[in-house]
Number of protein chains: 2
Amino acid sequence: MTSSAARSVPPPTDLGEAMARIRADGGRITDAKRAVAELLFATDRALNADEITTAVHGIERSVLYRCLAQFEVLGIVEHIHLGHGAAVYRRRGLPTVPVACMVCGSAWEIGANETQSLRDTVLERTGVTLDLIHFPLTGRCESCQEAS
Amino acid sequence: MTSSAARSVPPPTDLGEAMARIRADGGRITDAKRAVAELLFATDRALNADEITTAVHGIERSVLYRCLAQFEVLGIVEHIHLGHGAAVYRRRGLPTVPVACMVCGSAWEIGANETQSLRDTVLERTGVTLDLIHFPLTGRCESCQEAS
DNA sequence: TTCTTTGCAAAATGTTTGCAGATAC
DNA sequence: GTATCTGCAAACATTTTGCAAAGAA
């Protein structure tokens, strides 16, 4: 495996392209990888390691993390820290960014295009090209805001 | 200690007001609390537990975390997860939000006022009132962007 | 056949908790 | 005097690592 550049590569358009990318990098297609990839390509929801482990019927934890790490390096998946707990994983290329309430933990998504003006501002001020994926946009949801 | 509402309370304007707030809540002013609070009020930089421990000359780790937790409940400090490592803590009321490069870990700040249009959009779309403090705005800095 | 992957156990990290004795007020 | 705080040790949750055996191409 020739660990490559991750986020610079475009996301794969489908499961087949994802598998091909693993092969092209010298990786092998195993039951574990196929199952995890199929799961993540079958939904737009971001899943945590527990959820994936359950869905993939008892894949070993370290194996799961290693598959996900490989997928991330290859630009196939990305992970998000929604809050203080476990990270969640989703396939790359989804056009939304996460929004989370830091009080109750509820999560939403908004279109990445809606963040354009902030991205312009931050690029100008800091040189940072935002992706807004690794961590959610954080605040308080309506009910938690009222409750305070 | 009558654990109160945290983020809803305005930040204390200075160290004295912070100490008064602890007292008012039934807390005691100890050497540890005074030292940690003085440190955080003496700088605008967000510090992690290691840095605070060093600066406060060997305060016990669990005591430090308990002080910080109490300060957060009282609206005196806030913590930020800049990346995958330890959280950083700063006094509340600073008018900036963190921006971080997820590749190299470098961090910047931008004025909270510069995020107004995003805050309007997210409030309208999701009902979430953003604070953008708990997690940084994430992306790739200029050099990491070029390197990819 | 060769290099990658698995499965298990153990480590690492950062933070939290339980508890007995010390301390603030 | 009494509730809060400290200091220590142990637990905790999530993720990472080392290694020998199994598996993919």
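FYI, side chains are in, hydrogens and waters are out, and symmetry mates aren't considered; it's all heavy atoms of this structure. The sequence lines fix the lettering, A, B, ..., with proteins before strands; numbering per chain opens at 1.
Rounded to a whole Å, the CD atom of B:Q70 is 17 Å from the P atom of D:dA3. Whole-Å rounding puts the A:H79 NE2 to D:dT14 P distance at 14 Å. The distance from atom CG of B:L68 to atom P of C:dG14 is 15 Å, rounded to the nearest whole Å. Residue A:R23 contributes atom CZ, which lies 17 Å from atom P of C:dC3 at whole-angstrom precision. One atom, CG of B:D25, and another, P of D:dA3, lie 16 Å apart when rounded to the nearest Å.
Other cluster members for B:F135: A:M102, A:F135, B:M102, joined by side-chain heavy-atom distances under 4.5 Å among Ile, Leu, Val, Met, Phe, Trp and Tyr.
Remark: B:Y65 is not in phosphate contact with C:dT16, judged by side-chain N or O atoms under 4.0 Å from OP1 or OP2.
More than 12 heavy atoms of other residues, nucleotides or ligands shown are found within 6.0 angstrom of CD on A:E38.
Fit an axis to the five pairs at each end of the helix from C:dT1-D:dA25 to C:dC25-D:dG1 and the two axes sit 30° apart, to the nearest 10 degrees.
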Hey, what are the protein-to-nucleotides 22-24 of chain C N/O distances that come in under 3.5 Å?
unit_1: C:dA24; atom_1: N3; unit_2: B:R28; atom_2: NH1; d: 2.9

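Scanning residues 32-45 of chain B for heavy-atom distances under 4.0 Å to DNA chain D yields B:A32, B:K33. Non-hydrogen atoms lying under 4.0 Å from DNA chain D are contributed by B:E60, B:S62, B:V63, all within residues 47-63 of chain B.
Judged by distance alone, the side chain of B:D25 and the main-chain N or O of B:G27 form no donor-acceptor pair under 3.5 Å.
Side chain of B:R66, nearest nucleotide from D:dT14, C:dT17, D:dC19: C:dT17.
Listed by first and then second residue, the ring-ring contact (aromatic ring centres under 6.0 Å, His included) pairs that reach into residues 83-105 of chain B are A:H79-B:H84, A:H81-B:H84, A:H134-B:H84, B:H79-B:Y89, sequence neighbours excluded.
For B:D44 and B:R91, the salt-bridge test passes: some basic side-chain N is under 4.0 Å from an acidic carboxylate O.
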